[in-house]
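Both ligands and their constituent atoms are indexed starting at 1 by order of listing.
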Amino acid sequence: MRGASGLRWLAAALLVAVGAANDHNFHRDFDAVWGKGNARFRDDGRLAELALDEQTGARLQSKDRYLFGRFDLEIKLVRGESAGTITSFYICSGGARHDEVDFEFLGNVSGEPYLLHTNIFSDGKGEREQQFVLWFDPTAGFHTYSILWNPHNIILYIDGTPIRVFRNNEAYGVPFPTRQPVHVFASIWNAEEWATQGGRVKTDWSRAPFVATYRRYNVSNACVWDAGGASRCSGGGGGRGGGGGWMSQMMDWWSWMTLNWVRMNYMAYDYCADRKRFPHRFPTECIIPIGTT
Ligand SMILES: *[C@@H]1O[C@H](CO)[C@@H](O)[C@H](O)[C@H]1NC(C)=O
Ligand SMILES: *[C@@H]1O[C@H](CO)[C@@H](O)[C@H](O)[C@H]1NC(C)=O
């Protein structure tokens, strides 16, 4: 009896160890769907390097599709000269009326800061840009960028600090993504027409290749969607009633405090405050007071 339970224990311990070793495997979880030669997996798939040169950039796409989830990814951005480049991490459903949530890091000339450009598309409509400068050097080390997406809201985090919230305001006629499964993407590409200082500064190809590094892709809190339309949830996403897991996570008092700290100190652009663009009336989601949804 003792032997059997000991063996069972050993088997369980081994499974945990194997599971841990197999975590974060880009090779297993992603396909290079563009610029294959410029996407390199290192360290048994634990690290992905995406390069941009004059020929091509590169894009990874998750093999799985997800309907809701918390997607974490650590990124180290292109060091030194990065003008004209965009390094990204996003979720997107594809299709004519696609849903999409974007982290796009706009490069800069050497020594000048990156700009983080974010956008949210629902039912094919985007134009919800918010931009931030960062409170750290994103090229000096890895930082965790997260997209939390549940039926209540979409929250973007940097190292656990919320920087942006898009609430489900379907009750007010604002479409919110709840039906279309998404792939997770990571990419680097050339966008010199607009990325850096409004397109004034172009890519310096003599400094290519431009390489961004990704690691610790974590979707242990997500619902994997299968072609039959069913979804398997993990990490507190399943079950009825939510019960405090990621599936029911919303902004609490402390989250609003830190979000406001970010907005006050690091926000560079907010479509919800752009009166030139919206001279008569801001989009609906901009004018619904917090606390009503
Ligand atoms: C690049 O640096 C300039 C000067 O510091 C800054 O105005 C700009 O926002 C930075 N980022 C981009 C993407 O242009
Ligand atoms: C993934 O993230 C969750 C929290 O969101 C954490 O509990 C878990 O340890 C992470 N997994 C790995 C392998 O880092």
Side-chain angles (χ1 to χ4, degrees), residues 15-26 28-29 43-47 52 62 64 66 68-75 77-89 102-119 129-139 142-150 155-162 184 188-204 210 212 214-224 233-238 244-249 255 265-270:
L15 272 179
V16 169
V18 167
N22 281 343
D23 265 348
H24 317 307
N25 190 332
F26 284 100
R28 178 194 58 201
D29 296 338
D43 196 12
D44 289 330
R46 278 190 284 271
L47 215 63
L52 168 68
S62 64
D64 282 332
Y66 305 93
F68 303 120
R70 178 185 173 127
F71 310 96
D72 297 328
L73 190 56
E74 290 190 14
I75 312 173
L77 298 177
V78 177
R79 200 155 171 69
E81 178 70 30
S82 61
T85 71
I86 295 187
T87 302
S88 76
F89 162 42
D102 297 311
F103 273 101
E104 294 183 334
F105 299 90
L106 314 189
N108 218 329
V109 290
S110 197
E112 295 301 325
Y114 264 85
L115 193 60
L116 167 59
H117 179 92
T118 66
N119 203 354
E129 301 86 356
Q130 288 188 356
Q131 296 181 334
F132 304 86
V133 290
L134 301 168
W135 52 93
F136 52 87
D137 176 0
T139 72
F142 287 94
H143 290 269
T144 306
Y145 304 95
S146 310
I147 300 169
L148 172 92
W149 169 39
N150 66 29
I155 309 178
L156 274 56
Y157 296 89
I158 299 178
D159 294 327
T161 298
V184 178
I188 186 165
W189 82 95
N190 179 39
E192 62 185 353
E193 324 76 57
W194 67 277
T196 303
Q197 300 176 33
R200 208 167 49 73
V201 183
K202 306 298 182 199
T203 307
D204 177 359
F210 304 100
Y214 295 80
R215 72 177 188 193
R216 295 197 182 156
Y217 171 64
N218 185 347
V219 283
S220 56
N221 298 301
C223 302
V224 177
C233 301
S234 56
W246 63 268
M247 192 58 126
S248 54
Q249 191 171 327
S255 304
N265 294 289
Y266 300 100
M267 192 168 220
Y269 176 81
D270 183 6

Backbone N or O of Gln249 within a donor-acceptor pair of the Asn150 side chain at under 3.5 Å?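 Side chain of Asn150 to backbone of Gln249: a pair is present.
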Among all protein heavy atoms, pick the one closest to [atom] and tell me residue, atom and distance.
atom	result
atom 9 (O) of ligand 1	Leu115 CD2, 4.3 Å
atom 13 (C) of ligand 2	Asp23 OD2, 3.1 Å
atom 8 (C) of ligand 1	Asn108 ND2, 3.8 Å
atom 2 (O) of ligand 2	Asn218 ND2, 2.3 Å
atom 5 (O) of ligand 2	Asn221 ND2, 2.8 Å
atom 7 (O) of ligand 1	Gln197 CG, 4.8 Å
atom 4 (C) of ligand 1	Glu112 OE1, 3.4 Å

contact_flag Arg216 ligand 2 heavy-atom lt 4.0 Å: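 No; Arg216 lies far enough from ligand 2 that no heavy-atom distance drops under 4.0 Å.
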Looking only at the side chains, is there a donor atom on one of Thr139 and Asp137 sitting less than 3.5 Å from an acceptor on the other?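 Checked: Thr139/Asp137 side chains pair up, N/O donor to acceptor below 3.5 Å.
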Between the side chains of Asn218 and Ser220, is a donor N or O closer than 3.5 angstrom to an acceptor N or O?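 Yes - a donor-acceptor pair under 3.5 Å links their side chains.
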Residue [X] vicinity, atoms of ligand 1 by number, heavy atom under 4.0 Å:
X	answer
Leu106	13 (C)
Gly107	13 (C)
Pro113	1 (C), 2 (O), 5 (O), 10 (C), 11 (N)
Ala195	13 (C)

Does some non-hydrogen atom of the protein lie less than 4.0 angstrom from atom 11 (N) of ligand 1?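 Yes, there is one.
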What atoms of ligand 2 come closer than 4.0 angstrom to any heavy atom of His24?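 Contacts of ligand 2 toward His24, numbered from 1: 12 (C), 13 (C), 14 (O).
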Is any side-chain heavy atom of Tyr157 closer than 4.5 Å to a side-chain heavy atom of Thr144?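 Tyr157 does not reach Thr144 side chain to side chain.
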Can you find a pair of side-chain heavy atoms, one from Leu115 and one from Val133, that are under 4.5 Å apart?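 Touching, per the 4.5 Å side-chain cut-off.
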Atom pair [atom1]/[atom2] of [X] and [Y] - distance to nearest 0.5 Å:
X	Y	atom1	atom2	result
Phe103	Phe89	CZ	CZ	6.5 Å
Phe132	Asp270	CZ	CG	7.5 Å
Thr196	Asp204	OG1	CG	11.5 Å

Examine Arg216 relative to Phe142 and say whether NZ or CZ is less than 6.0 Å from the centre of the six-membered ring and inside a 45° cone about the ring axis.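 Not satisfied by the 6.0 Å and 45° rule.
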